[in-house]
*Asks:* 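Here it is, the structure, as structure tokens.
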Amino acid sequence: MKIPLLDLKAQLGPLRDEIVTAVTAVVDSTTYIQGPEVIALEEEVAAYCGAKAAVGVSSGTDALLVSLMALGIGSGDKVLTTPYSFFATMGVVLRLGAEPVFCDIDPVSYNIDPDKMAAILADDTKKEIKAIIPVHLYGQCADMGAIMKIADRYSVPVIEDAAQAIGAEYPEDNKEWKKSGTLGLCGCFSFFPSKNLGGIGDGGMVVSNDIAFAEKVRMLRNHGAKPKYYHAEIGGNFRLDPIQATVLRIKLKHLESWHAGRRENADYYTELFSTNQLLKNGKVKTPVAIYKKQALEQKDVCNYHIYNQYVIEVEQRDALIEHLRKQDIGCEIYYPLCLHEQECLKDNMGNVSMPNAEKAAKNTIALPIYPELTREMQAYVVKQIETFFA
Ligand SMILES: *Cc1c(COP(=O)(O)O)cnc(C)c1O
């Protein structure tokens with residue numbers, strides 16, 4: 001049985017006519033930059049997240065970049081972040097001439113460990129750390145309550161890299177569920193096609209409850225012009241296409257049901273791994289939904305994890321990947337090399353050691369989790385993993 005890691009055709013099928021009609025309308029409108037579709041999407045995403053403002057941008061990467069620019073981050077500044085993320089999280093820091101400071105991850109959630117973060121900030125006596133970028137990896141929020149408490153103590157702004165986590169929820173003060181991107185100063189989403197809300201090309205968004213900050217991002221996304229042709233600040237062309245916006249508006253209506261489908265699939269995988277003993281004998285470590293307990297008390301209606309990826313840990317990871325690919329099962333490593341180990345900054349990082357991140361990079365493997373995946377397909381994936389360990 002051929003099982004891809006992600007099947008965008010399956011998602012497109014039932015939406016295709018609506019999407020083609022909407023894209024055709026944008027083509028016929030001749031409004032190809034900004035315009036009503038972009039504004040409508042911004043309003044809809046802001047409402048969905050419970051954020052006061054949203055600004056459409058050209059990608060998740062540019063959402064991060066323009067957010068750092070709005071904070072005035074540049075040469076001589078340091079930005080605290082995780083060593084275990086997609087390159088963009090660190091790339092934007094380097095592009096601005098700033099320096100990343102890495103904080104190792106919690107080995108269960110794969111997200112920044114707040115205790116380690118507190119120690120790093122306590123050591124930053126010269127106050128060089130000017131921003132913190134936690135990443136909500138795989139679709140589960142970092143421990144934002146703890147992170148914000150520490151960040152507030154040192155008055156350092158927090159930019160959430162929520163590229164994989166639009167709609168993921170976090171129980172603030174164990175009372176109120178809040179959506180990712182609304183817990184820090186701002187949140188950055190990516191509409192890359194493989195994200196839970198993906199366009200038909202690149203796109204991204206910055207959400208914030210700080211109106212002044214959002215307005216600055218809005219200005220910088222269009223070369224810093226205010227008014228047109230007058231530039232008190234240097235921005236860039238970080239605009240979102242109306243064609244992407246119109247497609248994303250259609251898909252946004254289905255996002256909650258897709259999240260639920262992914263969560264059901266995740267539960268079923270875990271059930272299968274429990275039945276076949278691979279969990280019990282420690283061969284496979286399944287992902288832990290940290291905030292699920294609170295969610296269950298509220299009848300499981302919360303997006304405690306949106307499973308952009310379902311990532312297991314195994315010891316013979318590379319051999320397992322080879323085995324699964326031979327059986328036509330799509331799988332991927334997110335990510336095989338930590339950020340502090342990337343060649344582009346080899347010289348600067350010296351002997352930085354991030355044991356938890358390095359272990360994750362060595363042992364993790366993402367399995368197909370998309371909502372259209374059938375139980376039969378999941379059983380086949382798990383069966384093949386069983387065969388590998390037999
Ligand atoms: C996808 C992703 C990005 C970048 O988003 P693009 O839209 O591809 O630029 C940034 N951070 C993380 C964690 C991502 O997964």
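Below, each value reflects all heavy atoms present in this structure, side chains not excepted, and no hydrogens, waters or symmetry copies. All residue numbers refer to positions in the sequence shown, counting from 1.
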*Asks:* Within the 4.5 Å heavy-atom criterion, are Leu345 and Glu99 side-chain neighbours or not?
*Replies:* no
*Asks:* Measure the acute angle between the ring planes of His231 and His223, then classify it against the limits of 30° and 60° as parallel, tilted or perpendicular.
*Replies:*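 The arrangement is perpendicular - the two ring planes meet at more than 60°.
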*Asks:* Can you classify the ring geometry of Tyr335 versus Phe86 as parallel (below 30°), tilted (30 to 60°) or perpendicular (above 60°)?
*Replies:* tilted
*Asks:* With the 4.5 Å side-chain cut-off for hydrophobic clustering, are Ile3 and Val314 part of the same group?
*Replies:*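 Ile3 clusters together with Val314.
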*Asks:* Using side-chain heavy atoms (C-beta onward) and a distance below 4.5 Å, is Gln327 in contact with His323?
*Replies:*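 SC-SC contact between Gln327 and His323 confirmed.
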*Asks:* Side-chain contact test, heavy atoms from C-beta onward, threshold under 4.5 Å: evaluate it for Leu339 versus Ser85 and give yes or no.
*Replies:*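 In short, these two side chains touch, coming nearer than 4.5 Å.
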*Asks:* Provide the closest heavy-atom pair for Tyr291 versus Ala142 in the form atom of the first, atom of the second, distance.
*Replies:* OH-O, 3.3 Å
*Asks:* Would you say that His259 contacts His254 through its side chain, given a criterion of any heavy-atom pair below 4.5 Å between the two side chains?
*Replies:* no
*Asks:* Are any non-hydrogen side-chain atoms of Asn111 and Thr82 less than 4.5 angstrom apart?
*Replies:*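 Asn111 vs Thr82: side chains apart.
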*Asks:* So which heavy atom on Asp115 is nearest to which on Asp113, and how close?
*Replies:* N-OD1, 2.9 Å
*Asks:* Could you measure the distance from the CG atom of Asn308 to the NE2 atom of His305? Nearest 0.5 Å is fine.
*Replies:*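 Taking CG in Asn308 and NE2 in His305, the distance rounds to 9.5 Å.
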*Asks:* Is any side-chain heavy atom of Ile19 closer than 4.5 Å to one of Val23?
*Replies:* yes
*Asks:* What pair of heavy atoms forms the shortest contact from Ile365 to Ile321, and how long is it?
*Replies:* CD1-CG1, 3.3 Å
*Asks:* If a pair satisfies salt bridge (Lys or Arg N to Asp or Glu O under 4.0 Å) and one of its residues is in residues 368-386, list it, with sequence neighbours excluded.
*Replies:* Lys383-Glu386
*Asks:* Should the pair Tyr307 and Tyr310 be assigned to parallel (<30°), tilted (30 to 60°) or perpendicular (>60°) ring geometry?
*Replies:* tilted
*Asks:* Should Lys195 and Phe189 count as side-chain neighbours, where that means a heavy-atom distance under 4.5 Å?
*Replies:* no
*Asks:* Which donor-acceptor pairs under 3.5 Å do side chains of residues 199-211 form with protein atoms, sequence neighbours excluded?
*Replies:*
unit_1, atom_1, unit_2, atom_2, d
Ser208, OG, Leu185, O, 2.7
Ser208, OG, Asp210, N, 3.0
Asn209, OD1, Lys52, N, 2.8
Asp210, OD1, Ala212, N, 3.2
Asp210, OD1, Phe213, N, 3.0

*Asks:* Establish whether Leu8 and Leu5 are linked, either directly or via other cluster members, by ILVMFWY side-chain heavy-atom contacts under 4.5 Å.
*Replies:*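 Unlinked, Leu8 and Leu5 end up in two clusters.
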*Asks:* Between Tyr334 and Tyr138, does the ring centre distance come in under 6.0 Å?
*Replies:* no
*Asks:* For Thr182 and Cys49, which heavy atoms make the closest approach, and how far apart are they?
*Replies:* CG2-O, 3.3 Å
*Asks:* Hey, does Glu313 have a side-chain heavy atom less than 4.5 Å from the side chain of Val284?
*Replies:* no
*Asks:* Does Arg263 make a cation-pi contact with Tyr304, if we ask for NZ or CZ under 6.0 Å from the ring centre and within 45° of the axis?
*Replies:* yes
*Asks:* Might you work through the side-chain hydrogen bond (donor to acceptor under 3.5 Å, both in side chains) test for Asn196 and Gln164, ending with a clear yes or no?
*Replies:* CA-CA 7 Å; Asn196 282 28; Gln164 300 181 6; over 6 Å; no
*Asks:* Could you give the distance from OH (Tyr84) to CD (Glu358), rounded to the nearest 0.5 Å?
*Replies:* 11.5 Å
